[in-house]
Amino acid sequence: PKDGSAYKAGLRPGDLIVAVNGTPVAKSIDVIRSVRDGGEKPLVLSVDRKGDRRDFRVVPVLDKKSTPVLGEDFTPNGEFRRQAKIGVQF
């Protein structure tokens, strides 16, 4: 969404996140974990945009209430907590 911190930082639909704080990511769940578990600490997201690599500084926003935590298979793992988000969908 256009009000999400990722969009505000410059990420756009179609961008592929390839690293978080310099650490390469292999799967979408790697990005989700890095964002949700880091709280509101700024992150540097490296993206591939049509073959061009770009870095964006993104500040996650903490949920106002507890939400289900997703597991490796993207289904809720039974845990609920406030999580940081950046406004992107996979």
Side-chain angles (χ1 to χ4, degrees):
K2 292 185 178 183
D3 63 345
S5 57
Y7 191 89
K8 289 177 182 176
L11 275 80
R12 295 297 178 259
D15 287 349
L16 176 64
I17 300 171
V18 296
V20 177
N21 290 334
T23 302
V25 295
K27 301 184 249 179
S28 300
I29 195 71
D30 298 334
V31 177
I32 292 169
R33 282 190 190 118
S34 294
V35 171
R36 78 170 180 217
D37 297 341
E40 295 177 299
K41 291 187 300 190
L43 302 167
V44 175
L45 300 181
S46 301
V47 306
D48 180 303
R49 180 179 289 168
K50 298 180 182 176
D52 183 31
R53 185 171 170 143
R54 301 177 184 202
D55 293 334
F56 297 93
R57 183 179 179 273
V58 179
V59 180
V61 176
L62 200 59
D63 281 336
K64 292 182 182 1
K65 60 182 182 174
S66 294
T67 56
V69 175
L70 299 180
E72 186 76 24
D73 61 356
F74 290 93
T75 59
N77 68 6
E79 180 184 355
F80 284 78
R81 63 179 156 119
R82 291 178 66 201
Q83 301 174 72
K85 297 193 176 154
I86 58 172
V88 297
Q89 297 177 358
F90 296 96

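Here Tyr7 sits alone; no ILVMFWY side chain lies under 4.5 Å from its own, so it joins no hydrophobic cluster. Its side chain within the 4.5 Å cluster rule, Val18 clusters with Leu16 among the Ile, Leu, Val, Met, Phe, Trp and Tyr residues.
At least one side-chain heavy atom of Pro76 sits under 4.5 Å from a side-chain heavy atom of Leu70. Two residues are said to be in side-chain contact when any heavy atoms from C-beta on lie closer than 4.5 Å; Val20 and Val44 fail this criterion. Leu11 places a side-chain heavy atom less than 4.5 Å from the side chain of Ile17.
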Show me the side-chain donor-acceptor pairs of residues 82-90 shorter than 3.5 Å, one per line, residues at least two apart or across chains.
| residue | atom | partner | partner atom | Å |
| --- | --- | --- | --- | --- |
| Arg82 | NE | Asp63 | O | 2.7 |
| Arg82 | NH2 | Asp63 | O | 3.1 |
| Gln83 | NE2 | Thr67 | O | 3.2 |
| Gln83 | NE2 | Thr67 | OG1 | 2.8 |
| Gln83 | NE2 | Pro68 | O | 3.0 |
| Lys85 | NZ | Asp63 | OD2 | 3.3 |

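Not counting sequence neighbours, Asp55 has no partner by the salt bridge (Lys or Arg N to Asp or Glu O under 4.0 Å) test. Considering only residues two or more places apart in sequence or on other chains, Asp48 meets the salt bridge (Lys or Arg N to Asp or Glu O under 4.0 Å) condition with none of them. Residues that satisfy the salt bridge (Lys or Arg N to Asp or Glu O under 4.0 Å) test with Arg57, not counting sequence neighbours, are absent from this structure.
Taking the charged nitrogens against the carboxylate oxygens, Asp52 and Lys50 have no contact shorter than 4.0 Å, which rules out a salt bridge.
For the residue pair Thr75 / Asp73, a side-chain donor-acceptor distance below 3.5 Å is found, with atom types taken as modelled. A donor-acceptor contact closer than 3.5 angstrom is absent between the side chains of Arg54 and Ser46.
When atom types are taken as modelled, the side chain of Asp37 and the backbone of Ser34 share no donor-acceptor pair closer than 3.5 angstrom.
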